[in-house]
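Atoms within a ligand are numbered from 1 in the order they appear, just like the ligands themselves.
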Amino acid sequence: MGDWQGSVAVITGAASGIGAGLARHCLGLGMHVVAADIDDAALEALHAGASTVPGGSLQARHLDVRGRDAVEALAADVFERFGAVSLLFNNAGVLVDGKSWERPERDWRWILEVNVMGVVHGISAFVPRMLAQGCPGRIINTSSIGGLLGGGPYLAPYQGTKHMVTALTESLYQELAVEAAPVTASVLCPGEVATGIWSSDRLRPQEQHNVLGSAAERQFHDAVAGSVAAGLSPDDFAREVFVGIEADRFWLLPQPAFKAQLAQRHESIMTATNPESLLAALAGQPPPAVES
Ligand code: NAD
């Protein structure tokens, strides 16, 4: 187990789900945790329920990762206060599902701005400071198994953004490897973790909520949301994430059950075979009847 006591973790999307599990885990290791999120009520609940151990602390910060200046201001404050960051989790994310050609432009913009530009803002604001801090650091970007598997039905906006997070983190890792500083990167690819990700609409006004136009989409949404709700607890998941971090892994894949599907995708690419329907596999049940 690494000695994390007194070191600093910055976590975006820390108020609930995976981010909150990571925050609690870091606090248990005696770290100073800067928990940043757009959801103030959930941040307050995290703060109220958190217990710190000697040497550590929790600071809850309102942050919308879509704002470059806001992320830059957070980084400036954190470095002024602590001087170094050991772990930066660019974790905030939202989910939009449904037929790609029916998603309104606002859905595409929302998910791109949070899932992709939020990560980009974190990298731009923190990496230069971490390279200059003179001690080790790691940037952990939350992608998804959807950022490794391809083209799940009704998941174009989500999987599209997650593929970008995976690819940009691979580039970041390569770029950091040639710098003369002990700073590196990992990509975190969760499978099913019991969180609020399938109710991301709670974070935007009612009139902007996603309306799924067909029974097949609604059935798919409910089935996947159900299996995510039955997934790992965020606290158990956080423990597994740290096993990978302490083993110095780039690929943080705490739930390896999807690897057969990944091999199937690669086989389909290598042999130029058309993709099989993923509808049943993703929803864990037979494919719904297609509406006429
Ligand atoms: P969650 O909804 O419980 O947590 C996401 C957090 O991000 C929330 O606290 C939310 O308020 C915050 N957030 C959303 N928009 C924000 C913004 N603009 N600025 C700052 N914070 C914002 O869901 P989660 O599952 O814990 O999601 C965490 C990450 O894990 C996401 O990137 C998600 O895509 C990824 N992920 C989750 C699963 C899963 O099964 N839960 C699987 C794969 C990937």
Side-chain angles (χ1 to χ4, degrees), residues 10-25 34-47 60-71 73-74 89-97 107 109-122 125 140-149 152 155 157-166 168-169 187-205 208 221 223-238 240-241 252-255 257-258 282 284:
V10 177
I11 307 169
T12 70
S16 72
I18 289 172
L22 290 167
R24 286 187 290 268
H25 189 85
V34 179
D37 204 289
I38 198 171
D39 185 341
D40 294 329
L43 269 182
E44 234 170 78
L46 172 75
H47 202 266
R61 283 281 302 244
H62 178 86
L63 176 76
D64 185 341
V65 295
R66 291 173 293 180
R68 192 187 65 85
D69 293 350
V71 181
L74 175 73
F89 291 93
N90 286 312
N91 169 74
V94 294
L95 183 143
V96 172
D97 61 328
D107 283 8
R109 292 203 179 280
W110 184 46
I111 200 166
L112 280 161
E113 283 176 18
V114 179
N115 292 9
V116 178
M117 292 313 296
V119 173
V120 171
H121 293 151
I140 301 106
N141 294 331
T142 305
S143 176
S144 166
I145 59 170
L148 301 171
L149 303 172
L155 285 170
Y158 187 72
Q159 292 201 336
T161 59
K162 292 302 182 179
H163 270 262
M164 190 154 171
V165 173
T166 303
L168 72 84
T169 311
V187 66
L188 174 58
C189 300
E192 287 145 354
V193 184
T195 71
I197 194 70
W198 279 77
S199 57
S200 293
D201 266 349
R202 72 188 187 281
L203 299 166
R204 54 183 184 167
Q208 292 177 13
H221 178 101
V224 183
S227 48
V228 167
L232 264 188
S233 81
D235 289 8
D236 288 343
F237 183 75
E240 293 303 317
V241 172
L252 299 177
L253 313 169
Q255 298 140 291
F258 70 95
L282 280 169

Note: ligand 1 atoms sitting under 4.0 Å from heavy atoms of S16 are 1 (P), 3 (O), 4 (O), 8 (C), 9 (O), 26 (O)

For atom 31 (C) of ligand 1, find the nearest protein heavy atom and state the residue, atom name and distance (0.1 Å precision). N91 O, 3.3 Å

Within the 4.0 Å heavy-atom shell around L203, which atoms of ligand 1 are there? 10 (C), 11 (O), 14 (C)

Pairwise distance CD(Q255) to SG(C189) - rounded to 0.5 angstrom: 10.5 Å

Candidate list N115, L95, L148, test side-chain contact (heavy atoms from CB on, under 4.5 Å), partner K162, passing option: N115

Minimal heavy-atom distance between Q208 and D107, with the atoms involved, is O-OD1, 4.4 Å

Element-labelled atoms of ligand 1 that are located less than 4.0 Å from some non-hydrogen atom of G191: 38 (C), 39 (C), 40 (O), 42 (C), 43 (C)

Taking A14's backbone N and O only, do any of them form a donor-acceptor pair with D37's side chain (distance below 3.5 Å, no angle check)? yes

Result of checking I140, I18, V119, N141 against N91 for side-chain contact (heavy atoms from CB on, under 4.5 Å): I18

To the nearest 0.5 Å, what is the distance between CD1 on I145 and CZ on F258? 6.0 Å

Within a distance under 4.0 Å of any heavy atom of E192, pick out the atoms of ligand 1 and give their elements. 40 (O)

When you measure from atom 21 (N) of ligand 1 to every protein heavy atom, which one gives the shortest distance, and what is it? I38 N, 3.4 Å

Does CZ in R109 sit with more than 12 non-hydrogen atoms of other residues, nucleotides or ligands closer than 6.0 Å? no

Please list, in number order, the atoms of ligand 1 under 4.0 Å from a heavy atom of G93. 5 (C), 7 (O), 14 (C), 31 (C), 32 (O)

Protein heavy-atom partner closest to atom 36 (N) of ligand 1 - residue, atom, separation in Å: Y158 OH, 3.4 Å

Those atoms of ligand 1 less than 4.0 Å from some heavy atom in V228: 40 (O)

Indicate, as side chain, backbone, both or neither, the part of S143 found under 4.0 angstrom from ligand 1 when only non-hydrogen atoms are considered. backbone

Least distance between heavy atoms, D97 atom then H221 atom: OD2-ND1, 2.8 Å

Sub-3.5 Å N/O-N/O distance, V114 and ligand 1: no

Indicate, as side chain, backbone, both or neither, the part of E113 found under 4.0 angstrom from ligand 1 when only non-hydrogen atoms are considered. neither

Among V193, L43, I18, whose heavy atom sits nearest atom 37 (C) of ligand 1? I18

To the nearest 0.5 angstrom, please state how far the OG1 atom of T166 sits from the CG atom of L188. 10.0 Å

For atom 7 (O) of ligand 1, what is the closest protein heavy atom, and at what distance to 0.1 Å? G13 CA, 3.4 Å

When you measure from atom 18 (N) of ligand 1 to each heavy atom in I111, T161, D64, which option holds the nearest one? D64

Distance to 0.1 Å, residue and atom name: give those for the protein heavy atom nearest to atom 27 (O) of ligand 1. I197 CD1, 3.9 Å

So which bit of L95 gets within less than 4.0 Å of ligand 1, heavy atoms only: side chain, backbone, both or neither? neither

Nearest option to atom 25 (O) of ligand 1, as decided by whichever heavy atom of T195, V71, D37 sits closest: T195

Within the supplied structure, the quantity of interest is the number of heavy atoms (other residues, nucleotides, ligands) at a distance under 6.0 Å from R204 CZ; does it exceed 12? yes

Has the side chain of H121 got a donor or acceptor atom that lies under 3.5 Å from a matching backbone atom of V116? no

Taking atom CG of D39 and atom CG of D64, what is their separation to the nearest 0.5 Å? 11.5 Å

Could you tell me whether a side-chain N or O of R202 sits under 3.5 Å from a main-chain N or O of G196, the two making a donor and an acceptor? yes

Contact atoms of ligand 1, heavy-atom distance to T142 under 4.0 Å: 29 (C), 30 (O), 32 (O), 35 (C)

Which of the atoms of ligand 1 are close to S144, meaning less than 4.0 Å from one of its heavy atoms? 43 (C), 44 (C)

I need the E240 CD to L252 CG distance, nearest 0.5 Å. 11.0 Å

The protein heavy atom nearest to atom 19 (N) of ligand 1 is V65 N, 3.0 Å

Which residue and non-hydrogen atom of the protein lie closest to atom 2 (O) of ligand 1, and at what distance in Å? R202 NH2, 2.9 Å

For atom 20 (C) of ligand 1, what's the nearest protein heavy-atom neighbour? Residue, atom name and distance, please. L63 O, 3.1 Å

